[in-house]
Visitor: 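Attaching a single structure in structure tokens format; questions to follow.
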Amino acid sequence: MTLAEFRAALPGGTTIGQPDQRFMVDLTAVPVITGADTLYYLLFSQGDELADTLQLQLVATLHPEVRTAEGVGPGTSIGEAAGQYGTPILSYNTNDESREYAKFPRYPARNV
């Protein structure tokens, strides 16, 4: 979906906030806001022009109420998530600030 398609699909009362270029060293975060709450962020590579034709690639949330259907979300331990989605494959990348990743075999999306 493009940024324009996303914007058109937003429910009433939900807005897109100002881009935050300091969210992560290589990502620009665009907050998606309902009332006073930032529900989640659309993440784009720094330097990408935030044009309506830009394809959405990444989404992140810190909001404690944003959860999967199984109840997994911010604050869920790896062990609890494994109970829902299977034992994860853990990895990290030293070229990516040594960020750590967990891929769960029974999670329904390949790109999470």
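In this text the structure is predicted, and so the values were computed from the model without any measurement.
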Visitor: How long is the gap from OG1 on Thr53 to CG on Leu3, to the nearest 0.5 Å?
Guide: 8.5 Å

Visitor: Test: ring pair (Phe, Tyr, Trp, His ring centres under 6.0 Å). Region: residues 54-73. Which pairs qualify, not counting sequence neighbours?
Guide: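 Every candidate ring pair (Phe, Tyr, Trp, His ring centres under 6.0 Å) pair involving residues 54-73 fails, so no pair, neighbours aside, qualifies.
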
Visitor: Output side-chain donor-acceptor pairs under 3.5 Å for residues 27-46, partner residues at least two apart or in another chain, one line each.
Guide:
| from | atom 1 | to | atom 2 | distance (Å) |
| --- | --- | --- | --- | --- |
| Thr34 | OG1 | Thr14 | OG1 | 3.1 |
| Gln46 | NE2 | Gln21 | O | 2.4 |

Visitor: What is the minimum heavy-atom distance between Leu10 and Ile16, and which atoms define it?
Guide: CD1-CG1, 3.7 Å

Visitor: Going by side chain to side chain contact (heavy atoms under 4.5 Å, CB included), name the residues that satisfy it together with Ile89, two or more places apart in sequence or in a different chain.
Guide: none

Visitor: Could you tell me whether Glu100 atom CD has more than 12 heavy atoms of other residues or ligands within 6.0 Å of it?
Guide: no

Visitor: Which heavy atom in Glu5 sits nearest to a heavy atom in Met1, and how many Å separate them?
Guide: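 Glu5 and Met1 have their closest heavy atoms at OE1-CA, 3.2 Å.
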
Visitor: Quick one: does Asp48's side chain have a donor or acceptor within less than 3.5 Å of a partner on Leu50's backbone?
Guide: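 No; zero donor-acceptor contacts below 3.5 Å.
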
Visitor: Show me, pair by pair, the donor-acceptor contacts under 3.5 angstrom made by side chains of residues 78-85, not counting sequence neighbours?
Guide:
| from | atom 1 | to | atom 2 | distance (Å) |
| --- | --- | --- | --- | --- |
| Glu80 | OE1 | Ser77 | N | 2.9 |
| Glu80 | OE1 | Ser77 | OG | 3.3 |
| Tyr85 | OH | Thr68 | OG1 | 2.8 |
| Tyr85 | OH | Glu70 | OE1 | 2.5 |

Visitor: Going by side-chain heavy atoms closer than 4.5 Å, which hydrophobic residues are tied to Val25, directly or by a chain of links?
Guide: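 Other cluster members: none.
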
Visitor: Restricting to pairs with a member in residues 7-19, which pass salt bridge (Lys or Arg N to Asp or Glu O under 4.0 Å), not counting sequence neighbours?
Guide: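 Residue pairs passing salt bridge (Lys or Arg N to Asp or Glu O under 4.0 Å), neighbours aside: Arg7-Asp52.
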
Visitor: Using the rule that Ile, Leu, Val, Met, Phe, Trp and Tyr join whenever any side-chain heavy atoms are under 4.5 Å apart, tell me whether Val59 and Leu56 fall into a single cluster.
Guide: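 Yes: a chain of side-chain contacts under 4.5 Å links Val59 to Leu56.
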
Visitor: Report yes or no: do Leu62 and Met24 belong to one cluster of Ile/Leu/Val/Met/Phe/Trp/Tyr joined by side chain heavy-atom distances under 4.5 Å?
Guide: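 Yes, same cluster.
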
